[in-house]
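Residue numbers begin at 1 in each chain, while the letters A, B, ... track the order of the sequences. Just so you know, these numbers use all the heavy atoms, side chains as well, and skip hydrogens, waters and symmetry mates.
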2 protein chains.
Amino acid sequence: MTNALSARNHCPIDAKAMKKRKTLSDVAAAAGVSKMTASRALRGAGDVSKSSQEKVGRAAKELGYVGNHLAMSLASQRSDLIGVVVPSLMNIVFAEVLSGIAEGLEGSGMQPVFGVTDYDPDREYEIIRNMLSWNPAGLIITGLDQPGDTLRLLENADIPVVQIMDVDGTPVDACVGLSQKAAGEAMADAMIAKGCRRFGYVGSDLDKDTRARKRFAGFEAALSAKGLALVAVQTGNGVSSVKAGRELTAQILQDNPELDCIYYSNDDIAVGGAFHCIAAGIDVPGKLVLAGFNGLDLVESLPVKIATSRTPRREIGKAAAEIVLTSDRDQSGTAGKRTEFRPEIATGF
Amino acid sequence: MTNALSARNHCPIDAKAMKKRKTLSDVAAAAGVSKMTASRALRGAGDVSKSSQEKVGRAAKELGYVGNHLAMSLASQRSDLIGVVVPSLMNIVFAEVLSGIAEGLEGSGMQPVFGVTDYDPDREYEIIRNMLSWNPAGLIITGLDQPGDTLRLLENADIPVVQIMDVDGTPVDACVGLSQKAAGEAMADAMIAKGCRRFGYVGSDLDKDTRARKRFAGFEAALSAKGLALVAVQTGNGVSSVKAGRELTAQILQDNPELDCIYYSNDDIAVGGAFHCIAAGIDVPGKLVLAGFNGLDLVESLPVKIATSRTPRREIGKAAAEIVLTSDRDQSGTAGKRTEFRPEIATGF
DNA sequence: CTTGATATCGAGACCGGTATCGATACCAGT
DNA sequence: ACTGGTATCGATACCGGTCTCGATATCAAG
């Protein structure tokens, strides 16, 4: 403020030629047509003569016209944004879901915008609220267990809402995913069928990850339906990671060397368990069976065989995107649509 | 269309109470003040009496007013969006960068919006163009090697642009990252110091990943500076993945069993290499040294020790965010700012 | 030449906010 | 009572597009 010179931009003289964003009016003027004709020409709407088309196109290119989505969306009362809310990006699973969404949106002219909640419901509320204020054409959010405030927000929004990854519950609008509970049950049954009897469970961040909790509950339920029970449970906090898996596995095996199967809250942690076993010389799956969840690429290449439920992340994302797109054309005929995928269990042994 | 009933919303009678998004005017009316006063009250600008504040606040809450960023940004000629463009989300590295960016933006009121290019320059151009049309307050994009078209777009945008991950080149505006070339050189020197002499290189998607290419070039240069040369190179295509790493490693070792060190284009592929060695009973790092890049969490927990360059992904993201924020307050004083991090080499052996 | 249909265009309102600036009210000082 | 300053408020003009609808031109048919 004290220095008038430094405050100025690098060209204090040529104030006339200030690099201002070109507007549609500029293009129209350059092309010698009206704003409206330029607008129509640029977005390929009808009622424009061939010659005007060309003049406008040329003018736009010359001026480097970029357009203004803000004004466009405001004026046309619709936007080409799809809000996507996921709990984390540190987990490759959600990255794959996003990439599925991007794929599903391909060519539709819709653009996804992401929000990350870090598994925090308050943050989720804020993010959704913020997204709504950009009035997106639709919303894709993770899970079915939003608190009441958030649900109200979603219900009032009057746009298609797709809840992904889970189908155990009542969706606001539509949901696509898999039954986490059933996935846990299926894995328990599969492990029992493999001859396992002394089960342990290793998980991380269960207080935050409601879907992992549902799988856990399903797993336990299936065990007790067969008259079995978990021998030991080892849970930790902090982000679910390979490192935590390795440490928690070392711990649970030290305390319970008799275990013949460990179910993990997901593949990352299970891979950590596999690393521990490799390092400790424990025969997997000969002496100890490990089971994760997701069917990560990584698991397939592991030097030991571990079981996992292959979840169709990319497909879920794609399906969610398509639901948003279709229910956007029809007016909100989405309600109650429920798309369930069934994870396949892969053991490789 | 043939069925007039089904086309309607679920409440054909009460057309009056149509659930329309509440606007600022609604709030103002409900509070008995003008739009302007309501606007000021809601965003805490000055010149509003205590009593008006409260009336407006109450009215907004009752109506469930959400606000409209589109109108707000358009009217105020500034937005609280920061555009972020990364090549991929399948690589956990970029997820970490994003999370660093989110952290750096925390509390600033700015919201990041992401775009994924899949390493495709044309797509990158389109995405950047699209982002500019939301006139964001700043842009964070990956790499320094954009084609001319894209550069022109960025230069004309007149907003702070931060290019991340790389510093080998000339930034449009500012850059923060590390010298990929130097990282490759450093790893070569470290491996030579460990006694390695017969080097192989395994990489994937080198045609797309310019930064991996730069590391490769640096690695080779450092070797030949010491009078050494690569014995073998094995490259593949498709997404860089653990699986590809395992397969390519099996291949290169079959063809060149005499190798005593393999440099990988990144940690994912290197982990695949480690898996192959574990499965094949090859002593790592005793008989064969493996070196990756990034310093992933995963690598630390691996049952064998492999070398890697620890890149400060989160810090890079955070630094980029901060540069955008500060250069947004000052008017574009960013130009030429170059923030370089030096990756530390971790071998654990 | 008139009529009607079709193609092309542009004036002006509008989307939902913010910026600007003048109006009003109230109080202290003289 | 008059002046000036401060606090509070609202009318109005935007922001950069789209939408609606009427105007004009052109051409074939009658």
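If you check the side chains of A/S99 and A/R314, you find a donor sitting under 3.5 Å from an acceptor. Looking only at atom types and distance, the side chain of B/S133 has no donor-acceptor partner in the side chain of B/R129 under 3.5 Å away.
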Restricting to nitrogen or oxygen on both sides, can you table the protein-nucleotides 9-13 of chain C pairs closer than 3.5 Å?
from	atom 1	to	atom 2	distance (Å)
C/dC9	OP1	A/S49	OG	3.0
C/dC9	OP1	A/S52	OG	2.5
C/dC9	OP2	A/S49	N	2.7
C/dC9	OP2	A/S49	OG	3.2
C/dC9	OP2	A/S52	OG	3.2
C/dG10	OP2	A/S34	N	2.8
C/dG10	OP2	A/S34	OG	2.8
C/dG10	OP2	A/T37	OG1	2.6
C/dG10	O5'	A/S34	OG	3.4
C/dG10	N7	A/R40	NH2	2.8
C/dG10	O6	A/R40	NH1	3.3
C/dG10	O6	A/R40	NH2	2.8

Could you run down the sub-3.5 Å N/O contacts of the protein with nucleotides 23-27 of chain C?
none

Close N/O contacts between protein and nucleotides 23-26 of chain D (under 3.5 Å):
none

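Counting only distance, with no hydrogens or angles, the side chain of A/S79 and the backbone of A/N135 share a donor-acceptor pair below 3.5 Å. A donor-acceptor distance shorter than 3.5 angstrom exists from the side chain of A/S327 to the backbone of A/I323, with no hydrogens or angles considered. Listed for the A/Q163 side chain is a donor-acceptor partner under 3.5 Å among the backbone atoms of A/V172.
Expressed to the nearest 0.5 Å, how far OG of A/S52 lies from NZ of A/K55 amounts to 4.5 Å. Interatomic distance, B/L70 CG to A/L70 CG, rounded to the nearest 0.5 Å: 6.0 Å. In this structure, CE on B/M90 lies 8.5 Å from CG on B/D118, to the nearest 0.5 angstrom.
For the residue pair A/G143 and A/D166, the shortest heavy atom distance occurs at CA-CB, 4.4 Å.
To the nearest angstrom, P of C/dC15 lies 11 Å from CG of B/D26. Rounded to an integer number of Å, the gap from B/R43 CZ to C/dG16 P is 17 Å. Going from atom CH2 of B/W134 over to atom P of D/dG16 covers 16 Å, rounded to whole Å. In this entry the distance linking CG of B/L24 with P of D/dC14 reads 20 Å, nearest Å.
Among residues at least two apart or in separate chains, ring pair (Phe, Tyr, Trp, His ring centres under 6.0 Å) pairs with a member in residues 128-153 of chain B are A/H69-B/W134.
Residue B/P136 forms a side-chain contact (heavy atoms from CB on, under 4.5 Å) with just one option from B/V84, B/L81, B/I82, B/V324, and that option is B/L81.
For A/E103 and A/K318, the salt-bridge test passes: some basic side-chain N is under 4.0 Å from an acidic carboxylate O.
Of all the residues in residues 63-80 of chain B, B/L74, B/A75, B/Q77 reach under 4.0 Å from DNA chain D with at least one non-hydrogen atom.
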B/T23 vs B/R21, test: side-chain contact (heavy atoms from CB on, under 4.5 Å). Steps then yes/no. CA-CA 6 Å; B/T23 75; B/R21 264 280 281 284; 5.7 Å; no
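Within the 4.5 Å cutoff, side-chain heavy atoms of A/L154 are placed close to those of A/L139.
Taking the six-membered ring where tryptophan is involved, the planes of B/Y119 and B/F94 are perpendicular, since the angle between them exceeds 60° and thus also 30°.
Each end of the helix from C/dC1-D/dG30 to C/dT30-D/dA1 gets its own axis, taken as the rotation carrying the C1' atoms of four end pairs onto the next four within a five-pair window, and the two axes meet at 60° to the nearest 10 degrees.
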